[in-house]
Amino acid sequence: MAAKILVTAALPYANGPLHLGHLAGAYIPADVYVRYQRLKGSDILFICGSDEHGVPITIRADRENVSPKEIVDRYHDRMKESFRRIGLAFDNYSRTSLPLHHKIAQDFFLNLYNKGYIKEQSIQQYYCPTCRRFLPDRYIEGECPHCHRQGARGDQCEACGRWLEPEQLLSPQCKECGSTPEMRTTTHWYFRLSEFQQRLEDWQTSKTDWKSNVREFCSGWFKEGLTDRPITRDIDWGIPVPLPNADGKVLYVWFDAPIGYISSSVEWAQKQGAPDRWRDYWMNPETKLIHFIGKDNIVFHAIVWPATLMAHGDFILPSQIPANEFLNIEGDKISTSRNWAVWVDDYLEVFPPDPLRYWLESNAPESKDADFTWKDFQTSNNSELADVLGNLINRSLSFIEKNFEAKVPPSGTLRDPDRAILAEIGNATRRIGAAIEDFQVRAAVGALMDLARSGNKYFNDEAPWSSFKVDRARCATTLNTTVQLLAALAVLMEPFLPFSAEKLWRMLNAPGSHHDQRWNDVPELRLPDGHPLGKREILFSKIEDAIIEEQIAKLKK
RNA sequence: GGCGACGUAGCUCAGUCGGUUAGAGCGUGGGAUUCAUAACCCCAAGGUCGGUGGUUCGAUUCCACCCGUCGCUACCA
């Protein structure tokens, strides 16, 4: 019976293009998991979309003198295209500026409001009369009351490290325009998060299979004690608060973003022509809800979001939150403002998608931050993908082409080494599957390469170039066995290297699509004797030093 | 400042719920081989497991402190 699984990947914020950090933390691990589950035959839905509200987008729009709408349209389209080209297999990629999402988020808010989980409260907050908006803490600068240096932010002084309240700053200024802000009274709506502390703790206690980074992070928060959180803001870009006395108030972006998972699912169902089908997932206690995120997202997905789901009551809670650490680039942390990043668009101008996927999979920041270097990427492509996996494919297929008219040689009589390598396919299939189900992409892709290494060893040990001269039947058996290994690899590669998996399937001229194969049947997959092979091509080209030097130069520019 | 994470071979990282010779891939050296994208296979060298002290029969693994790197600290999604 097929399991029902609902997978989400963090909604990327639509104020900049996609970079490798995004892919490494959430999207590639999610994609590997989803592609694998599809081959397993699971009933799985993979949901994402752009997160398009919030203050940073309005500020970026002001700076560029365009509307927030123009900003989010630009980046929504770019990110969606980047995802497609790198092979992210979303069932639906939505966006939070859709009217559908606004309606669902407002209904969600009203549901909580009507149940008494939202309270109204007046607070004092800085307002910039020139920019005509209330200022988030980090957009106010001034003199630190402790060390008296300039440039301290409303939340913290970078110089002395002390944590501040905005009103403590001496001679505060609006970071954007430099004007002196004034204190004004404003009203906001607060989610009574504090009421959910016990339920959340009880719930998480049962989640013994969660990653330690998530559990530890949350236990720290529980120790501090959860407090009620404002979930509205005074800006005009966002989802209007659906109450009569709420002009100029919108929902806080962190409140509406995760609801985007639901509205993206609803949009998917509508596109399917089965508008209620999203309920099969979101309202079905048998469904496993899995949120793939980066470590910056842990608190929201493991505490605030489950609490809002509990408050609402109609939807299932997350069953897993595989949070990854961060990716550095050439030793330094990624910074959009310093332009220290490798952008997915730029990468794809020069290279095919799979080598990057492979690097990100075999170096996934699962337990600690990882470091991307172009040199390492080159090595990974050349000496692993090309030399181990690519060469196994190429050496065996070209041998068959030359000596067996590009047809699968007769299997003949199997001997121990042949049986051993075929058994190895079964072992690898199970190992890779178990690792993916345990969210260990590094180990999974490692097991895939181990199988290719075993194949190379087998090929070498059996030395068909020698047996061809003295025992042609034995040579045929070796090649036949190798072809069966390649067919298995074509399917096993799918979650990791989908573009190359497809190509390999075609090179083998195997029937139908590799997508139609079943993961658990891979060990029994056989191409018949005499089966004509397709056109051979190089799956993974080597990357020359000069190309890598160019990329490094571009980064340091 | 508070809380937390990390520091293991040249590089990127596993691992050790305390116990005989600490692992992988890549890189390096040597050997064998030649079908293939000058590669593949075998072997080897290389680590005081950040530092100091403690607990223990025994610590890389537990504890304390120190050094270093980083994250979070509630509006940089």
Side-chain angles (χ1 to χ4, degrees), chain A residues 10-15 50-57 59 96 125 134-139 146 153-157 160-163 166 193 212-213 216-217 219-221 223-224 226-227 229-230 233 235 252-254 256-258 260 293-300 303-304 325-326 328 331 333 335-337 359 362-373 375-376 379-380 382-388 390-403 440 442-443 446 449-450 453 455-461 463-466 468 475 478-479 538-542:
Chain A
L11 305 188
Y13 198 54
N15 73 338
S50 307
D51 178 10
E52 306 191 321
H53 299 132
V55 171
I57 283 171
I59 286 178
T96 59
Q125 208 178 0
F134 282 93
L135 296 173
D137 294 353
R138 296 186 188 205
Y139 286 101
H146 304 287
R153 293 187 319 214
D155 57 343
Q156 188 181 34
C157 172
C160 69
R162 287 181 204 253
W163 181 18
L193 180 64
S212 63
N213 58 350
E216 281 164 13
F217 210 96
S219 77
W221 276 61
K223 232 182 291 172
E224 295 274 314
L226 303 181
T227 55
R229 299 170 55 92
R233 292 292 184 271
I235 54 175
Y252 173 37
V253 61
W254 272 111
D256 90 68
I293 55 170
K295 67 176 170 185
D296 52 329
N297 273 324
I298 291 174
V299 169
F300 292 90
I303 293 183
V304 184
E325 304 292 303
F326 280 161
N328 294 326
K333 67 182 202 175
S335 162
T336 305
S337 54
W359 189 93
S362 51
N363 295 282
E366 285 166 356
S367 60
K368 67 171 81 164
D369 292 355
D371 190 39
F372 176 90
T373 67
K375 204 69 198 153
D376 195 52
T379 301
S380 141
N382 291 1
S383 51
E384 294 184 38
L385 269 189
D387 290 350
V388 176
N391 193 44
L392 171 67
I393 294 162
N394 191 57
R395 70 196 301 203
S396 49
L397 292 184
S398 71
F399 193 96
I400 295 173
E401 216 167 77
K402 277 184 195 158
N403 300 309
Q440 309 216 18
R442 298 173 83 112
M449 291 306 285
D450 284 345
R453 286 193 185 91
N456 275 316
K457 178 167 163 50
Y458 165 79
F459 201 83
N460 235 60
D461 291 349
W465 53 90
S466 301
F468 186 73
C475 178
T478 301
L479 270 304
I538 296 296
L539 260 194
F540 305 105
S541 302
K542 299 245 181 168

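Below, chain A is the first sequence line, B the second, and so on; all start at residue 1. Hydrogens, waters and symmetry mates play no part in the numbers below; they use all other heavy atoms, side chains included. Values in this document were obtained by computation on a predicted structure and should not be read as measured data.
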Student: Checking all strands, does A:Ser380 fall into the base, sugar-phosphate, or nothing category for heavy-atom contacts under 4.0 angstrom?
Tutor: nothing

Student: Heavy atoms under 4.0 Å, any strand shown: does A:Glu52 hit a base, just sugar-phosphate, or nothing?
Tutor: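 The answer is nothing, as A:Glu52 stays clear of every strand by at least 4.0 Å.
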
Student: Between B:C62 and B:A24, how many Å separate the two C1' atoms, rounded to a whole number?
Tutor: 27 Å

Student: Could you work out which one of B:C42, B:U37, B:C13 sits closest to the side chain of A:Leu539?
Tutor: B:U37

Student: Applying a 4.0 Å non-hydrogen cut-off, can you work out what A:Asp51 is touching in the nucleic acid: base, sugar-phosphate, or nothing?
Tutor: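 Answer is base: heavy atoms of A:Asp51 come under 4.0 Å of a base.
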
Student: Which atom names give the shortest non-hydrogen contact between A:Asp51 and A:Ala257, and what distance separates them?
Tutor: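 The answer is OD2-CB, 3.7 Å.
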
Student: OP1 or OP2 of B:C40 versus the side-chain N and O atoms of A:Arg453: is any pair under 4.0 Å?
Tutor: no

Student: Tell me which nucleotide among B:C35, B:C42, B:G25 gets nearest to the side chain of A:Lys457.
Tutor: B:C42

Student: For B:C72 and B:U56, measure between their P atoms and round to the nearest Å.
Tutor: 41 Å

Student: Does B:C35 have A:Trp465 stacked on its base, where the ring centres are within less than 5.5 Å and the planes differ by under 30°?
Tutor: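 Given the distance and angle limits, yes, they stack.
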
Student: What are the two closest non-hydrogen atoms of A:Asn382 and A:Ser541, and how far apart are they?
Tutor: OD1-O, 4.4 Å

Student: From the list B:A74, B:C40, B:C26, which nucleotide is the closest neighbour of the side chain of A:Thr227?
Tutor: B:A74

Student: Using purine N1 to pyrimidine N3 plus N6-O4 or O6-N4 for Watson-Crick, or N1-O2 and O6-N3 for G-U wobble, both under 3.5 Å, which nucleotide pairs with B:C41?
Tutor: B:G31

Student: So, A:Asn456 side chain and A:Val388 main chain: donor-acceptor pair closer than 3.5 Å or not?
Tutor: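 A pair under 3.5 Å: yes.
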
Student: From the list B:C40, B:C35, B:A74, which nucleotide is the closest neighbour of the side chain of A:Val388?
Tutor: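 Among B:C40, B:C35, B:A74, the one nearest the side chain of A:Val388 is B:C40.
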
Student: From C-beta outward on A:Ile538, which listed nucleotide comes closest to its side chain: B:U37, B:C75, B:C13?
Tutor: B:U37

Student: Which is true for A:Phe540 with a 4.0 Å heavy-atom rule: it touches a base, it touches only sugar-phosphate, or it touches nothing?
Tutor: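 Result for A:Phe540 = base.
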
Student: At under 4.0 Å between heavy atoms, what does A:Phe300 touch on the DNA or RNA strands: base, sugar-phosphate, or nothing?
Tutor: nothing

Student: Take atom C1' in B:C65 and the same atom in B:G58, then report the distance between them in whole Å.
Tutor: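 These two C1' atoms come out 23 Å apart once rounded.
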
Student: Using the C1' atom as the reference point in each nucleotide, state the distance between B:U16 and B:G53 in Å, no decimals.
Tutor: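 The same atom, C1', in both gives a distance of 22 Å.
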
Student: Could you work out the separation of B:G4 and B:C42 based on their C1' atoms and round it to a whole Å?
Tutor: 46 Å

Student: Pairing check on B:U56: which nucleotide meets the Watson-Crick or G-U wobble criteria with it, both distances under 3.5 Å?
Tutor: none

Student: Quick check on RNA chain B: between A:Asp376 and A:Ser383, whose nearest nucleotide comes earlier from the 5' end?
Tutor: A:Asp376

Student: Could you tell me which non-hydrogen atom of A:Thr96 sits nearest to which non-hydrogen atom of A:Glu52, and how far apart they are?
Tutor: OG1-N, 2.8 Å

Student: Which listed nucleotide (B:C42, B:C35, B:C75) is nearest to the side chain of A:Ser398?
Tutor: B:C35

Student: Using a 3.5 Å distance criterion without hydrogens, assess whether the side chain of A:Ser396 forms a donor-acceptor pair with backbone atoms of A:Ile393.
Tutor: yes

Student: Centroid separation under 6.0 Å, is that true for the rings of A:Trp359 and A:Phe372?
Tutor: yes

Student: Could you tell me the Watson-Crick or G-U partner of B:A5, where both distances fall under 3.5 Å? Say none if there is no partner.
Tutor: B:U69

Student: Which nucleotide, in any strand shown, forms a Watson-Crick or G-U wobble pair with B:C11, with both distances under 3.5 Å?
Tutor: B:G25

Student: When the C1' atoms of B:U8 and B:C49 are considered, how many whole Å apart are they?
Tutor: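 About 4 Å, rounded to a whole number of Å.
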
Student: Please work out if A:Asp371 contacts a base, only the sugar-phosphate, or nothing of the nucleic acid, heavy-atom cut-off 4.0 Å.
Tutor: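 Sugar-phosphate contact only - A:Asp371 comes under 4.0 Å of backbone atoms but never of a base.
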
Student: Under 4.0 Å: is that the gap between some side-chain N or O of A:Arg233 and OP1 or OP2 of B:C75?
Tutor: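 For B:C75, OP1/OP2 do have a side-chain N/O of A:Arg233 under 4.0 Å.
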
Student: Let me spell it out: for each of A:Pro56 and A:Phe399, pick the nucleotide of RNA chain B with the closest heavy atom. Which residue's pick is nearer the 5' end?
Tutor: A:Phe399

Student: Judged by atom type as modelled, is there a donor-acceptor pair below 3.5 Å linking the side chain of A:Tyr252 to the main-chain atoms of A:Gly54?
Tutor: no

Student: Which of these nucleotides, B:C40, B:C75, B:C26, is closest to any side-chain atom of A:Thr379?
Tutor: B:C26

Student: Counting any heavy atom closer than 4.0 Å, what does A:Gly54 reach on the DNA or RNA strands: base, sugar-phosphate only, or nothing?
Tutor: nothing

Student: With P as the reference atom in both, quote the distance from B:U21 to B:G31 in angstrom, rounded to an integer.
Tutor: 32 Å

Student: Could you tell me whether A:Lys402 contacts a base, only the sugar-phosphate backbone, or nothing, with contacts defined as non-hydrogen atoms closer than 4.0 Å?
Tutor: sugar-phosphate

Student: Mind checking if A:Asn391 touches a base, just sugar-phosphate, or nothing, with heavy atoms under 4.0 Å?
Tutor: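 Base contact - A:Asn391 has a heavy atom under 4.0 Å of at least one base atom.
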
Student: Looking at every strand, decide which applies to A:Gln440 at a 4.0 Å heavy-atom threshold: base, sugar-phosphate, or nothing.
Tutor: nothing

